[in-house]
Q: 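Below: one structure in structure tokens.
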Amino acid sequence: MDLTARLATRRAAVLLAEVPGWAVARCAVEREVRARGWRLADSPADADVLAVCGRPGARLGTAVDLVWDQLPGPRARVDVDDPAGAAPALAAAAAHLADLAAQRRDAQARPAEPARGRPAIEAPPDGDDDEGDDMDMPMPGGIPLAGSGDDDQLADPDRLDLDVLHVPLGPVLPRWPAGLLLHTTLQGDLVVAARAEVLEPAGEPPRPGTLHGTPAGRWDAVATLLALTGRADGAAAAARLRDAALTGDVPRRDAERLAHRLRRSRLLRWSLRGLGTLPEGDAADRLEHWLTGADRARPTTLDQVADLVTGLDLAAVRLVVASLDLDTADRVHVPVESGT
Amino acid sequence: MTVVQVSAGWVPLAAVLLLVVATAAASLDGALAARADGQQARSGLVLPVAGTVRLFRQRRRATVAADTPLRWAGLAGLPTAALLMVAVVPLGRWTVADLAVGVVWFNAVDVLLWAAVWLAGWGPNSLHPLVGGYRFLAQALSYELPLMFALTAPAVAAGSLRLGDVVTAQQHLWFVVWMPVAFLVFCAAVLAFSAWGPFGAAVGTTTAGGVLAEASGVDRWLVRTGRYALLTAGAAFAATAFLGGGHGPLLPAWLWLLAKTAVLLAVLVLLGRQLPLIRPERLAAPAWLVVLPLTLLQLLAVSLVVVVRT
């Protein structure tokens, strides 16, 4: 491996695509990412490696393929089915990233045009062809402009009547519940309507498919929430505790030290206060529950998610969803509407 | 100590120096990240170089119907603004541009960042970058006025907008001693215009990287380098306006300025990793109701001292 390739893969970024039920495999990949001195990517543009954890079903698989098209390259894709496969998979990815000939072939085979997904909502069926109004509408890059939404437009508290956009959040989004697809209707960056569903895996996930209700699951939730609040060091510490919990016992002193540090941070509590309020409490309370190891009264359902995020801005939506610590592996897949 | 203006031929050297100090800051951040991941801290020191090689080797991403000229203006705007900022900061006895309105110049350039970051978000024609750009503007509404008034305090005390005069006025007593509020507010504003740590909403994970969500290759490198350079330029300006600039015993003046800048920069990098993100909409109330009045009181106190002294 020449020096350039070795430096370039020194801190490669890995985009995780977790299939519901493969949380343990995803954690194994995260641990291996840390062990290699790599990091997790924020978006496809930020990533060198796409790590698909589990076997995605048809719709999830299509989404993963689209994300793969968006990696800038040099790029490598690995599929990790069981935790033991994480280390060899990432080693293979590192070798592939450094393989200049293969990367050049890949780059030449790709279209220069950016990859396109399907529109977030299906275009309305073509009615009368002589309805000439649409012809005047400018279509930059073949995409219709966001418009005032007519039927979609909802009352805006600020009376701005902003353009309406339909944006899917997920299913491949870092620090996001596995397979969760949140169809949102945005006015500005405000979610005015939401519908949540979970995309299915292909076949039965391995046992145990979920971390929920275990110490590892709680630390996983803490790590996700901290990463979204921008506390990179705290998130890394929580992820290490989670991995320790998966293989054995959580080191008590480290756990207490992190919990103490987080409890002391008034800024953290203030930034989470009032987000995603349920009868049991808000996001700050739920973080406290995870830290004390207390189990919550009841799990959150998808309809609550759609309800809770309606009326929030995109960033707050991310924090609320992370604070709910959804268990998508139990495969609730009835779409639930809210806000309309 | 008088400040002399050197010829424009030294500008490339100033740019290199800025890049070197910014790289040192990135190394420190890399070492801290490696330690947090349970690795040897020194394995992170090489990360700025490795990251640069990685991004220079990466393809640039295209998006559908992108606004390429404006996108480039935004991306290149960050490092450019940082260089324009350090142009007025005297390195000991030398300065590249000894402007009579140096303090205002710095302020004008930092307002330029509003446009740069927003354009970097607008350019890709994509949701998350645009939201990131607007989040930066929302945050700017909170930090800009406190920053302006914090900058006014050293200018009032020195009776001049020229940075050389501001340094000379601190010959006996650093301004940080009798204007601590202005100093702290200024440091917070440096974090804010660099989109760093608690004020990193524009590039935060909650918006999938914000203005960086669609950037790869050289594009991403410009923004990353630009943010470190802005942090460096802000620290250098704070060292000049509040920490006595090149004043200090034994060592030459330029070394004193570098040392003060380095210490302040290290503190800013450390803080950025430790503090949680403050959402822009939460920031507005404390910024306008607490920080701005405090800054104005600080300015009043400084003005009274100046009036009484003369």
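The sequence lines fix the lettering, A, B, ..., with proteins before strands; numbering per chain opens at 1.
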Q: Is it the side chain or the backbone of Arg175(A) that comes within 4.5 Å of chain B heavy atoms, both, or neither?
A: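 Side chain of Arg175(A) only, per the 4.5 Å heavy-atom cut-off to chain B.
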Q: In terms of heavy-atom proximity below 4.5 Å to chain B, should Leu169(A) be classed as side chain, backbone, both, or neither?
A: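 For Leu169(A), the side chain is the part near chain B, not the backbone.
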Q: Name the region of Ser265(A), side chain, backbone, both or neither, that has any atom closer than 4.5 Å to a heavy atom of chain B.
A: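 Interface part for Ser265(A): side chain.
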Q: Looking only at side chains, do Thr52(B) and Trp221(B) share a donor and an acceptor under 3.5 Å apart?
A: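 The answer is yes; a qualifying pair exists.
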Q: Which bit of Trp176(A) comes within less than 4.5 Å of chain B, counting heavy atoms only: side chain, backbone, both or neither?
A: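 Contact with chain B involves no heavy atom of Trp176(A) at all.
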Q: Does the Arg110(A) side chain pair with the main chain of Asp69(A), one donor and one acceptor, at a distance under 3.5 Å?
A: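 Yes; at least one donor-acceptor contact below 3.5 Å.
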Q: Applying the side-chain contact (heavy atoms from CB on, under 4.5 Å) test to Leu312(A), which of Val191(A), Val320(A), Asp189(A), Leu319(A) qualifies?
A: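 The option that passes is Val320(A).
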Q: Rounded to the nearest 0.5 Å, what's the gap from CZ on Arg227(B) to CG on Leu191(B)? Could you check?
A: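 Between Arg227(B) CZ and Leu191(B) CG, I get 10.5 Å after rounding to 0.5 Å.
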Q: Could you tell me if Trp114(B) and Glu144(B) have a donor-acceptor pair between their side chains, going purely by distance under 3.5 Å?
A: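 Yes, because at least one side-chain N or O of Glu144(B) sits under 3.5 Å from a partner of the opposite role on Trp114(B).
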Q: Using heavy-atom distances under 4.5 Å, tell me whether Thr63(B) contacts chain A through its side chain, its backbone, both, or neither.
A: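 For Thr63(B), the contact with chain A is made by the backbone alone.
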Q: For the candidates Thr207(B), Leu127(B), Asp219(B), which exhibits the highest count of non-hydrogen atom pairs separated by less than 4.5 Å from chain A?
A: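 Heavy-atom pairs under 4.5 Å are most numerous for Leu127(B).
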Q: In a check of side-chain contact (heavy atoms from CB on, under 4.5 Å) between Leu225(A) and each of Leu324(A), Val321(A), Leu287(A), which one passes?
A: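 For Leu225(A), the side-chain contact (heavy atoms from CB on, under 4.5 Å) check succeeds only for Leu287(A).
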Q: Highest number of heavy-atom pairs under 4.5 Å with chain B: which of Asp48(A), Leu268(A), Leu314(A)?
A: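 Heavy-atom pairs under 4.5 Å are most numerous for Asp48(A).
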Q: Could you check which of Ala239(A), Ala107(A), Ala227(A), Ala322(A) has the highest count of heavy-atom pairs closer than 4.5 Å to chain B?
A: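 Top option by heavy-atom pairs under 4.5 Å: Ala107(A).
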Q: Pick one of side chain, backbone, both or neither for Pro124(B), based on which atoms fall under 4.5 Å of a heavy atom in chain A.
A: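 Contact with chain A is absent: no heavy atom of Pro124(B) under 4.5 Å.
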Q: Any chance CZ of Arg35(B) has more than 12 other-residue heavy atoms, nucleotides or ligands included, within less than 6.0 Å?
A: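 No, not enclosed.
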Q: Give, as side chain, backbone, both or neither, the part of Glu281(B) having an atom under 4.5 angstrom from any heavy atom of chain A.
A: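 Only the side chain of Glu281(B) comes within 4.5 Å of chain A.
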Q: Could I get the full list of salt bridge (charged side-chain N to carboxylate O under 4.0 Å, His left out) partners for Arg75(A), not counting sequence neighbours?
A: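 For Arg75(A), the residues satisfying salt bridge (charged side-chain N to carboxylate O under 4.0 Å, His left out) (neighbours in sequence not counted) are Asp106(A).
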Q: With only heavy atoms counted, which part of Ala34(B) is less than 4.5 Å from chain A, the side chain, the backbone, both or neither?
A: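 No part of Ala34(B) comes within 4.5 Å of chain A.
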Q: Is Leu130(B) close to chain A through its backbone or its side chain, or both, or neither, when contacts mean heavy atoms under 4.5 Å?
A: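 Answer is neither: Leu130(B) stays 4.5 Å or more from chain A.
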Q: What part of Leu40(A) is in contact with chain B, defined as an atom under 4.5 angstrom from a non-hydrogen atom: side chain, backbone, both or neither?
A: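 For Leu40(A), neither part sits under 4.5 Å from chain B.
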Q: Keeping Arg57(B) on the side-chain end and Ala8(A) on the backbone end, is there a donor-acceptor pair under 3.5 Å?
A: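 Not confirmed, Arg57(B) side chain does not pair with Ala8(A) backbone.
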Q: Check whether Arg36(A) gets within reach of chain B through its side chain, its backbone, both or neither, counting any heavy atom under 4.5 Å.
A: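 Backbone only.
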Q: Measure Leu186(A) against the heavy atoms of chain B and call it side chain, backbone, both or neither at under 4.5 Å.
A: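 Leu186(A) touches chain B through side-chain heavy atoms alone.
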Q: Among Gly73(A), Ala232(A), Gly230(A), which residue has the highest count of heavy-atom pairs closer than 4.5 Å to chain B?
A: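 Max contact count across the listed options: Gly73(A).
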Q: Below 4.5 Å from any heavy atom of chain A, which atoms of Arg282(B) appear? Answer side chain, backbone, both or neither.
A: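 It is both, since atoms from each part get that close.
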Q: Tell me, side chain or backbone of Arg279(B) under 4.5 Å from chain A's heavy atoms, or both, or neither?
A: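 Contact with chain A is through the side chain of Arg279(B) alone.
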Q: Checking Arg34(A) now: which residues fulfil salt bridge (charged side-chain N to carboxylate O under 4.0 Å, His left out) with it, not counting sequence neighbours?
A: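 Partners of Arg34(A) by the salt bridge (charged side-chain N to carboxylate O under 4.0 Å, His left out) criterion, ordered by chain and then number, come out as Asp243(A).
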Q: If we define contacts as heavy-atom pairs under 4.5 Å, which of Thr206(B), Val46(B), Leu32(B), Leu277(B) has the most with chain A?
A: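 Among Thr206(B), Val46(B), Leu32(B), Leu277(B), the one with the most close pairs to chain A is Thr206(B).
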Q: Against Tyr228(B), only a single residue in Asp29(B), Thr23(B), Leu18(B) fulfils side-chain contact (heavy atoms from CB on, under 4.5 Å); can you say which?
A: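 Of the listed residues Asp29(B), Thr23(B), Leu18(B), the side-chain contact (heavy atoms from CB on, under 4.5 Å) partner of Tyr228(B) is Asp29(B).
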Q: Tell me, for Gln39(B) versus chain A, whether the close heavy atoms (under 4.5 Å) come from the side chain, the backbone, both or neither.
A: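 For Gln39(B), the side chain is the part near chain A, not the backbone.
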Q: Find the one option among Val131(B), Thr205(B), Val49(B) whose heavy-atom pairs under 4.5 Å with chain A are most numerous.
A: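 Going by pairs under 4.5 Å, I would pick Thr205(B).
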Q: Identify which one of Leu15(A), Leu50(A), Val172(A) satisfies the side-chain contact (heavy atoms from CB on, under 4.5 Å) criterion when paired with Trp68(A).
A: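 With Trp68(A) as partner, side-chain contact (heavy atoms from CB on, under 4.5 Å) holds for just one option, Leu50(A).
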